[in-house]
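Below is one structure; the comments refer to it alone.
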Amino acid sequence: MPMGHTATAEAGSGGLTATEHRLANGLRVVLSEDHLTPVAAVCLWYDVGSRHEVKGRTGLAHLFEHLMFQGSKQVHGNGHFELVQGAGGSLNGTTSFERTNYFETMPAHQLELALWLEADRMGSLLSALDEESMENQRDVVKNERRQRYDNVPYGTAFEKLTALSYPEGHPYHHTPIGSMADLDAATLDDARAFFRTYYAPNNAVLSIVGDIDPEQTLAWVEKYFGSIPSHDGKQPPRDGSLPERIGEELREVVEEDVPARALMAAYRLPEDGTRACDAADLALTVLGSGESSRLYNRLVRRDRTAVTAGFGLLRLAGAPSLGWLDVKTSGDVEVPVIEAAVDEELARFAAEGPTPEEMERAQAQLEREWLDRLGTVAGRADELCRFAVLFGDPQLALTAVQRVLDVTAEEVQEIAKARLRPDNRAVLVYEPVASADGAGNAADPEGTADAADPEGTVDAAGSPAPGNAADETQQEEEAAK
């Protein structure tokens with residue numbers, strides 16, 4: 001049976017509790033009871049993302065995530081989707097720089113089915129992985145890249161800014177979608193080796209949240225996952241640390257058929273899991289989150305030089321986080337006008353700091369976002385996995401709200417002064433050019449990429465997936481499988 005467990009209901013957790021267990025094969029299991037509604041969420045995080053990839057094989061983590069939906073020993077073809085949806089559940093899978101996750105939300109009485117399905121593909125996917133499924137999903141991912149990156153306005157902005165922000169050779173220099181050339185180069189042997197290395201129980205965390213019986217749930221976990229062997233061949237990801245500041249402004253001008261000029265920038269910010277990162281999150285919330293933010297009020301409402309203005313945080317644990325600025329200009333306004341106004345607002349914020357009212361509003365906004373996540377069984381399951389995989393302790397998810405509320409205005413001002421400056425950013429300027437037929441896309445002046453979701457999160461069914469700049473922005477996801 002599973003070994004060991006802990007339980008807490010610490011201050012700031014809202015009364016939520018979690019228990020942690022570990023199987024003999026190394027699988028970490030986190031349970032959180034919630035009997036409000038008769039549903040249960042299953043979330044499985046594997047400690048593998050695009051930062052683990054090597055040169056020439058970018059996009060392999062994301063490609064393999066697609067392959068996980070192509071059948072296993074006892075579940076053929078599209079059976080995973082069919083069984084979950086036929087039982088009244090929903091499911092998905094996503095890939096980021098730092099992890100790959102899979103999740104189902106089920107009627108409580110169908111929990112065993114979800115556990116069996118996840119265990120079957122963890123333990124037996126290789127028996128179903130063949131050239132046909134490899135070619136099928138390679139084409140799907142390449143088409144996803146065309147539809148969401150290469151052939152849409154501003155579609156490659158996230159990829160370009162990431163490449164500017166992290167130097168060549170850095171594990172975060174490339175995004176999870178990968179390049180066309182590397183997707184073409186991936187072989188079946190690559191995929192098999194990838195599975196053997198990373199898709200092992202001792203490289204995963206399984207969280208189960210909702211209307212569950214802990215004893216019965218642990219018995220099912222042991223029954224279905226307990227016999228899967230561990231694997232010790234994984235190498236740690238390359239070091240992602242960098243200096244606190246870039247040291248200069250990096251800039252690229254992109255001339256494309258886009259509906260409006262745009263100014264986008266990425267600022268190097270503290271790593272996730274630190275108090276300084278929470279302070280940065282609050283700074284960006286005051287400056288650019290929502291219509292009450294400073295940048296929106298200045299650029300959209302007062303100056304009327306922009307149609308949208310946002311500033312969001314891409315939290316990363318293994319490398320500096322990034323602050324994402326995204327402004328689309330109004331009419332014929334030139335980018336230098338926008339940039340001067342942005343720099344003026346950032347300098348004023350660094351000099352004066354947030355007002356008490358701004359701090360209260362920003363903390364309330366982030367508190368609501370966190371409570372929204374923890375308040376759903378799926379959101380809580382995901383956060384428990386995230387803190388277990390990236391920071392070693394799932395209990396930290398239950399006290400994250402309090403850590404944000406403990407940050408002071410002085411800390412927010414200090415991080416703005418130190419980091420939100422021209423010598424610590426990569427800048428992307430979009431200048432429109434006429435398309436071949438002379439027609440533009442004026443109906444969508446905001447385009448498809450924004451600071452709140454620079455990666456354009458899409459789920460396994462091809463529709464927009466829930467996300468926010470604090471976390472889900474990390475997901476570089478799924479087209480229809």
Side-chain angles (χ1 to χ4, degrees), residues 2 5-9 13-23 27-47 65 68 80 84 87-96 98-119 122 201 204-214 216-218 220-221 224-225 369-401 457 459-460 465-468 470-472 474-475 477:
H5 88 282
T6 58
T8 61
S13 69
L16 301 176
T17 63
T19 63
E20 184 176 0
H21 315 257
R22 190 182 294 270
L23 303 194
L27 179 67
R28 296 175 69 184
V29 183
V30 184
L31 306 181
S32 181
E33 291 184 73
D34 185 339
H35 301 289
L36 185 61
T37 56
V39 295
V42 172
C43 187
L44 185 59
W45 272 46
Y46 290 93
D47 187 9
E65 180 244 309
M68 283 284 278
H80 195 112
V84 170
S90 60
L91 70 162
N92 204 342
T94 70
T95 307
S96 80
E98 300 180 323
R99 61 96 185 97
T100 306
N101 66 348
Y102 303 90
F103 41 97
E104 295 89 5
T105 300
M106 308 289 286
H109 68 281
Q110 295 286 2
L111 171 60
E112 184 180 9
L113 171 62
L115 294 173
W116 174 74
L117 285 167
E118 287 295 356
M122 178 190 281
V205 173
L206 172 68
S207 67
I208 307 162
V209 176
D211 189 16
I212 62 174
D213 177 326
Q216 177 63 77
T217 300
L218 285 172
W220 284 332
V221 170
Y224 297 123
F225 289 89
E369 291 173 1
W370 266 108
L371 294 178
D372 283 347
R373 290 284 289 163
L374 296 179
T376 67
V377 293
R380 196 185 320 159
D382 191 58
E383 293 299 339
L384 289 169
C385 276
R386 183 167 80 91
F387 280 92
V389 169
L390 299 181
F391 308 110
D393 185 2
Q395 306 293 342
L396 292 172
L398 306 182
T399 55
V401 171
T457 313
D459 66 19
N468 60 55
D471 174 36
E472 295 298 333
Q474 298 176 35
Q475 299 178 2
E477 300 19 62

What residues form a side chain to side chain contact (heavy atoms under 4.5 Å, CB included) with [X], not counting sequence neighbours?
X	answer
Asp372	Arg368
Pro38	Asp211
Asp47	Arg51, His52, Asn203, Lys234, Val389

Tell me, with the steps shown, if Thr94 and Arg99 meet side-chain contact (heavy atoms from CB on, under 4.5 Å).
CA-CA 8 Å; Thr94 70; Arg99 61 96 185 97; 3.2 Å; yes
As an exercise, state the distance from [atom1] of [X] to [atom2] of [Y], rounded to the nearest 0.5 Å.
X	Y	atom1	atom2	answer
Ser207	Arg28	OG	CZ	11.5 Å
Cys385	Leu390	SG	CG	10.0 Å
Phe103	Asp382	CZ	CG	6.5 Å
Leu396	Asp393	CG	CG	4.0 Å
Leu206	Leu31	CG	CG	8.0 Å
Cys43	Glu118	SG	CD	9.0 Å

Could you walk me through whether Gln395 and Phe387 satisfy the side-chain contact (heavy atoms from CB on, under 4.5 Å) test, starting with their C-alpha distance in whole Å, then the side-chain angles of each, then the deciding distance to 0.1 Å, before giving a yes or no?
CA-CA 8 Å; Gln395 306 293 342; Phe387 280 92; over 6 Å; no
Do [X] and [Y] have side-chain heavy atoms sitting under 4.5 Å apart?
X	Y	answer
Ile208	Val221	yes
His80	Val84	yes
Glu104	Ser90	no
Asn101	Leu44	no
Leu384	Glu20	no
His21	Leu218	yes

Which heavy-atom pair separates Met122 from Ala204 by the least distance, and what is that distance?
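Of all heavy-atom pairs spanning Met122 and Ala204, the closest is CE-CB, 4.2 Å.
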For the residue pair Ala18 and Val30, what are the closest heavy atoms and their distance?
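Taking every non-hydrogen atom into account, CB-CG1, 4.1 Å.
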Could I get the full list of ring pair (Phe, Tyr, Trp, His ring centres under 6.0 Å) partners for Tyr46, not counting sequence neighbours?
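Ring pair (Phe, Tyr, Trp, His ring centres under 6.0 Å) list for Tyr46, sorted by chain: Tyr102, Tyr199.
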Among Asp34, Val39, Thr217, side chain to side chain contact (heavy atoms under 4.5 Å, CB included) partner for Ile212:
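Checked Asp34, Val39, Thr217 against Ile212; only one passes side chain to side chain contact (heavy atoms under 4.5 Å, CB included): Thr217.
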Could you go through residues 109-117 and list every donor-acceptor pair under 3.5 Å that involves a side-chain atom there, pairing it with any protein atom two or more places apart or in another chain?
{"from": "Glu112", "atom 1": "OE2", "to": "Trp220", "atom 2": "NE1", "distance (Å)": "3.4"}
{"from": "Glu112", "atom 1": "OE2", "to": "Tyr224", "atom 2": "OH", "distance (Å)": "2.4"}

For Ser32, side chain to side chain donor-acceptor pair (under 3.5 Å) partners two or more places apart:
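Listed in chain order: Arg380.
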